[in-house]
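Computed over heavy atoms, backbone and side chain alike; hydrogens, waters and symmetry mates excluded. Bear in mind that the values here come from a model prediction, so they are computed numbers and not experimental data. Numbered from 1 within each chain, the chains take letters A, B, ... in sequence-line order.
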Amino acid sequence: MPELPEVEVTRLSFADRIAGSQVLAVGLGKPLRWPLGCPPEHLCGQRVLGVSRRGKYLLVSLQRPPAGGGASPEAGVLLVHLGMSGSLQFAKALPAPGVHDHFSMDTTAGTLRLHDPRRFGAVVYADSLADPVAQRLLGHLGVEPLSTDFLPDAFVAHMKQRRAPIKQVLLAGDVVVGVGNIYACEVLFLAGIRPTVRADRVSERRLRLLHAAIRQVLSQAVSQGGSTLRNFSNADGQHGNFQSLAKVYGRQGQPCHVCGTPIRRIVQGQRSTCYCPVCQRG
DNA sequence: AAAAGCCCCTGGATGC
DNA sequence: TGCATCCAGGGGCTTT
């Protein structure tokens, strides 16, 4: 499933190529998680300014060419979420949409297409990032883990205010974004923290280790091209190779790489958690 | 405010 | 072999 590194790798794989193009046509397949929020024709003629990212959302910024006169051009943004099974393709010529291709946008530079069998993904149009439609999805998000705003002191302070199990706080995304189920398990292993421990009961020393682990694991995963744990590929169709680096996720019953103890699997918030009962006592 | 549970969906794995 | 059942998971929403 796409987590922050996969989304970032996807962005890097097509952002430069689509920037500056003009939207020619938009086609929709079966309904995604949310409706597009505007008629598909509304996008036609708009210019693609660039692609940025906020958490696991890709933000495709658009601009309608001024109709004439001095009026400032209207700007808009497409919020793209890959959900659990989504992937983007961008190419000059793509074959006809398949049964799982639910959003297709032809531009002068190529076609951008969302392939999403489980349809947990979404493509939503908003007039701007300040628009309530965008704020509903982005407004509550925490700090970007790979930005210079992700500071140890603030991270510790936030965690000390939360009583929920630390893994659930990571997944909630309101302290730090982009840490999904796989990476949450991995970073807690690296920091030696038991996933079930209340966030505010974790020592400051280990919270600082966790902060460093989040930066290290996510940036490493980006440089590796993302995870292939769930058939991930970037918009060029290339696969990442992070899966071999997972130390606990999906390894229940197998020996811990550090101490040899069998990795344990539990369920938290209807999601599986894998951890080493010996290495993760903090 | 924060925490916990619900629900959307379907390919792949498992069990009979 | 073919069927039914279960499971995975992101994250906004509702309820506590």
Specify the separation, in whole Å, of atom OH of A/Tyr57 and atom P of C/dG10. 13 Å

Per nearest nucleotide of DNA chain B, the residue lying toward the 5' end, A/Arg163 or A/His100, is A/Arg163

Round to the nearest Å and state the distance from A/Leu32 atom CG to C/dG10 atom P. 17 Å

Under a 4.0 Å threshold between the charged nitrogen and the carboxylate oxygen, would A/Arg53 count as salt-bridged to A/Glu144? yes

Are any of A/His140's side-chain N or O atoms less than 4.0 Å away from OP1 or OP2 of C/dG12? yes

Strictly below 4.0 Å: does A/Arg136 bring a side-chain N or O up to OP1 or OP2 of C/dC13? yes

Pick base, sugar-phosphate or nothing for A/Pro31, based on heavy-atom distances below 4.0 Å to the nucleic acid. nothing

Looking at every strand, decide which applies to A/Ser272 at a 4.0 Å heavy-atom threshold: base, sugar-phosphate, or nothing. sugar-phosphate

Which part of the nucleic acid, if any, lies within contact of A/Leu137, taking any heavy atom under 4.0 Å across all strands shown: a base, the sugar-phosphate backbone alone, or nothing? sugar-phosphate

Do the side-chain N or O atoms of A/Lys30 get closer than 4.0 angstrom to the phosphate oxygens (OP1, OP2) of B/dC9? no

Indicate yes or no: does A/Asp116 engage A/Lys30 in a salt bridge with an N to O separation below 4.0 Å. no

Could you tell me how far apart A/Leu114 (CG) and B/dC9 (C1') are, to the nearest whole angstrom? 14 Å

Which distance, rounded to the nearest 0.5 Å, do you find between the CZ of A/Phe150 and the CG of A/Leu218? 8.5 Å

By the definition side-chain hydrogen bond (donor to acceptor under 3.5 Å, both in side chains), identify the one residue from A/Lys167, A/Arg271, A/Glu3 that meets it with A/Asn181. A/Lys167

Can you tell me whether the side chain of A/Arg118 and the base of C/dA8 have a donor-acceptor pair closer than 3.5 Å? yes

Please work out if A/Gln270 contacts a base, only the sugar-phosphate, or nothing of the nucleic acid, heavy-atom cut-off 4.0 Å. base

Spacing of A/Lys167 atom NZ relative to B/dA3 atom P, expressed in whole Å: 16 Å

Between A/Arg162 and A/Arg271, who's closer to the 5' end of DNA chain B by nearest nucleotide? A/Arg162

Check: A/Gln22/A/Thr108 side-chain N/O donor and acceptor closer than 3.5 Å: no

A/Leu79 CG - C/dG12 C1' separation (whole Å): 14 Å

To the nearest Å, give me how far apart CG (A/Asn181) and C1' (C/dA8) are. 9 Å

Here the distance between atom P of B/dA2 and atom CG of A/Asp200, to the nearest Å, is 12 Å

In whole Å, I'd like the distance from the CZ atom of A/Phe120 to the P atom of B/dG11. 12 Å

